[in-house]
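Reading through the structure tokens given below for one structure.
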Amino acid sequence: MITGRVRAPEINTKHGWLNTDKNYSLKDFRGKIVLLDFWTLGCINCQHIIPDLHRLEAEYPEELVVIGVHSAKFDAEKSQNSIRKAILKFGIKHPVVNDADLEVWRQFAINGWPTIVLIDPDGNVIGQKAGEGIYEIVKPNIDQLIQDFGEKLNRQIFSFQPETSMATPLRFPGKMAAAADGTIFIADSGHHRILQLSPDGQVLAVIGNGEAGFKNGTYEEATFCEPQGLALKGHLLYVADTKNNAIRLVDLDEKTVLTAVGNGKLEYYFYQDKLDEPVNPNSPWDLAIAGDEMYIASAGNHQVLRMDLRTERVMRFAGNGREALINGPLRDASFNQPSGLALAGNLLYVADAEASAIRVINVENGIVQTLVGRGLFDFGDLDGAADVAQLQHAVGLTVVDSNLYIADTYNGKVKVLDLEKKRVRTLIGGLNEPNDVKFIGGFLWVTDTNHHQLLKVNLETGEKYLVPITF
């Protein structure tokens, strides 16, 4: 943790505060230890430190105030509504400042997401720490400040008014999978469960009791934590249990949930680490099965993993762990929070979200290429030739014939990459952070995530239909 005491700059911006009923200034928190969390909503590493923040808030309710400073990377992340949805999605309890113009970011000399800044009760910055794993570093500093300031501490507990939302049948729906009998499985991520639906939206089964947790058992006993990717093999449904860093196994015949791999912990491996030994997934976001092998988009470690479904061993497959847009052989290539997968023969297409890119892995010759996208900070909303087209944090893919359909998440659109003509066009817009696309029963199904809706689209006319979810 970089340390040094200087007066903390003010954190108010013209864009205001969220998750509270009023705007504050740092002066309002004199006598408190203040922790500023600089984050942006699409960053998986920012999401990783939320449990540490919750733990610190629970341990120091009288002494500590946590304030999120949302310093957006993508244009779509700057809006109040997008940040509000993220606050609800991630269960953030503390107030958040919208730093859309990066004014506060610059004043505190922040260089990357996430970064935390610790401010003493007199309003002086005592240090900052970039990256994950903040609990063990921040806690002793808080303990020392409590000892140093003693009776000077303000122990009044601030009551902030959190954001609220209406109850909906789906809450931040994520990935989908289609069964041979025409039924659809959908990750009802915000409700921490999986739903099995009929083609008309009737709920046939609820997998998981709806509480955030990591428990095996029957459908009614089992718990998940923000599940995403789904993949079917016979009567087995594999689930990317994202915030549990695990792959869960649903036996559709026995109606039970087990854990195939993962222990709930975040694990990291880079370059030569654990190249030929089993690993656990890190924030797995999507799954794709080919025969007895399953590919895992390990978003939190910027890699693609491969699981042997017979032995349940997971091994590194593509990506060196560095967050960058680098092509080439599997172990030399770099990815940027891969969040969507689609298989077509020996080609594995990857939605490389943080680079707003579409990548392709030839699983036979082991070469990674880029079809759309140019880098971590190159994004936009531009159709046309694939080498100039721009997306914005795309996270969902599916292949239909020679077309790759893309959930262009932060542009609120579904786009189509013609794989033969190498051109991108917009199919539909008006969505709010769509997470997945799947071709099922003659329609393109879309999870309109922040609208809490499931849609299906006529590919010939582009007409959208709402799928009503009924229990």
Side-chain angles (χ1 to χ4, degrees), residues 11 13-20 36-50 53 67-92 94-108 110-116 130 163 165 172 174 189-190 226 228 242 283 285 299-300 302 323 336-340 351-357 373-382 390-396 406-413 415 429-435 447-452:
I11 61 174
T13 75
K14 65 183 180 182
H15 304 286
W17 292 59
L18 300 99
N19 226 27
T20 181
L36 303 182
D37 171 33
F38 286 83
W39 65 295
T40 188
L41 64 92
C43 165
I44 191 67
N45 307 98
C46 298
Q47 297 173 38
H48 285 170
I49 75 167
I50 292 174
L53 297 175
I67 300 171
V69 182
H70 189 272
S71 304
K73 171 187 172 181
F74 292 97
D75 292 339
E77 295 176 326
K78 296 179 180 180
S79 77
Q80 294 286 93
N81 188 55
S82 294
I83 302 169
R84 181 175 290 110
K85 292 286 188 178
I87 287 168
L88 292 167
K89 188 183 300 183
F90 304 145
I92 294 171
H94 50 258
V96 174
V97 179
N98 184 356
D99 183 32
D101 299 325
L102 299 181
E103 296 173 1
V104 183
W105 171 280
R106 285 189 289 267
Q107 289 178 33
F108 280 86
I110 306 301
N111 294 310
W113 302 274
T115 296
I116 60 98
E163 304 291 336
S165 61
F172 301 111
S189 184
E226 297 182 33
Q228 285 291 343
T242 304
S283 293
W285 211 273
H302 311 297
E323 188 174 13
N336 311 262
Q337 200 172 308
S339 302
D352 207 15
E354 277 292 298
S356 301
R374 290 188 290 276
L376 267 170
F377 293 92
D378 191 298
F379 57 87
D381 186 359
L382 182 65
Q390 290 183 321
L391 309 170
Q392 190 174 187
H393 203 272
V395 303
I406 303 166
D408 191 6
T409 306
Y410 283 1
N411 283 326
K413 297 180 176 182
K415 295 193 177 183
L431 309 174
N432 195 327
E433 294 194 20
N435 192 304
T447 52
D448 191 6
T449 301
N450 282 4
H451 282 149
H452 312 296

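Only a predicted model underlies this, so the values are computations on that prediction, with no experimental measurement involved.
Checked by atom type and distance alone, the side chain of E163 never pairs as donor or acceptor with a backbone atom of I87 at under 3.5 Å. A donor-acceptor distance shorter than 3.5 angstrom exists from the side chain of N19 to the backbone of H94, with no hydrogens or angles considered. Formation of a donor-acceptor pair under 3.5 Å by the D352 side chain with backbone atoms of N336 is found in this model. With hydrogens and angles disregarded, no donor-acceptor distance shorter than 3.5 Å links the side chain of T449 to the backbone of P434. Here the side chain of N98 pairs a donor or acceptor atom with the backbone of A100 at under 3.5 angstrom. Side chain of S339 to backbone of A351: no donor-acceptor contact under 3.5 angstrom is found.
Counting only heavy atoms from C-beta outward, the side chains of F108 and T115 never approach each other to under 4.5 Å. No side-chain heavy atom of K85 sits under 4.5 Å from any side-chain heavy atom of L41. You'll find the side chain of N411 stays beyond 4.5 Å of the side chain of F379, heavy atoms only. In this structure, the side chains of T13 and V97 come closer than 4.5 Å at one or more pairs of heavy atoms.
With sequence neighbours left out, E77 forms a salt bridge (charged side-chain N to carboxylate O under 4.0 Å, His left out) with no residue at all. Residues that satisfy the salt bridge (charged side-chain N to carboxylate O under 4.0 Å, His left out) test with K89, not counting sequence neighbours, are E433. Taking the side-chain hydrogen bond (donor to acceptor under 3.5 Å, both in side chains) definition, one finds that H393 meets it with E354, sequence neighbours left out. Qualifying salt bridge (charged side-chain N to carboxylate O under 4.0 Å, His left out) partners for D381, counting only residues two or more places apart in sequence or in other chains: K413, K415. Here S283 pairs with H48 under the side-chain hydrogen bond (donor to acceptor under 3.5 Å, both in side chains) rule; sequence neighbours left out. Partners of R374 under the salt bridge (charged side-chain N to carboxylate O under 4.0 Å, His left out) rule, at least two apart in sequence or in another chain, are D378.
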**Item:** Criterion side-chain contact (heavy atoms from CB on, under 4.5 Å) on F172 and N450, from CA distance to verdict
**Value:** CA-CA 6 Å; F172 301 111; N450 282 4; 3.4 Å; yes

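When the options F74, W105, F38, W39 are evaluated for a ring-ring contact (aromatic ring centres under 6.0 Å, His included) with W113, the one that passes is W105.
Rounding to the nearest 0.5 Å places CD1 of I50 at 4.5 Å from CD1 of I92. Residue H452 holds its NE2 atom at 8.5 Å from CG of N432, rounded to the nearest 0.5 Å. In this structure, OG in S82 is found 11.0 Å from CG in D75, a value given to the nearest 0.5 Å. Taking NE2 of H302 as the start and CG of N45 as the end, the distance is 4.5 Å to the nearest 0.5 Å.
The two residues T40 and K73 make their nearest non-hydrogen contact at OG1-N, 3.2 Å.
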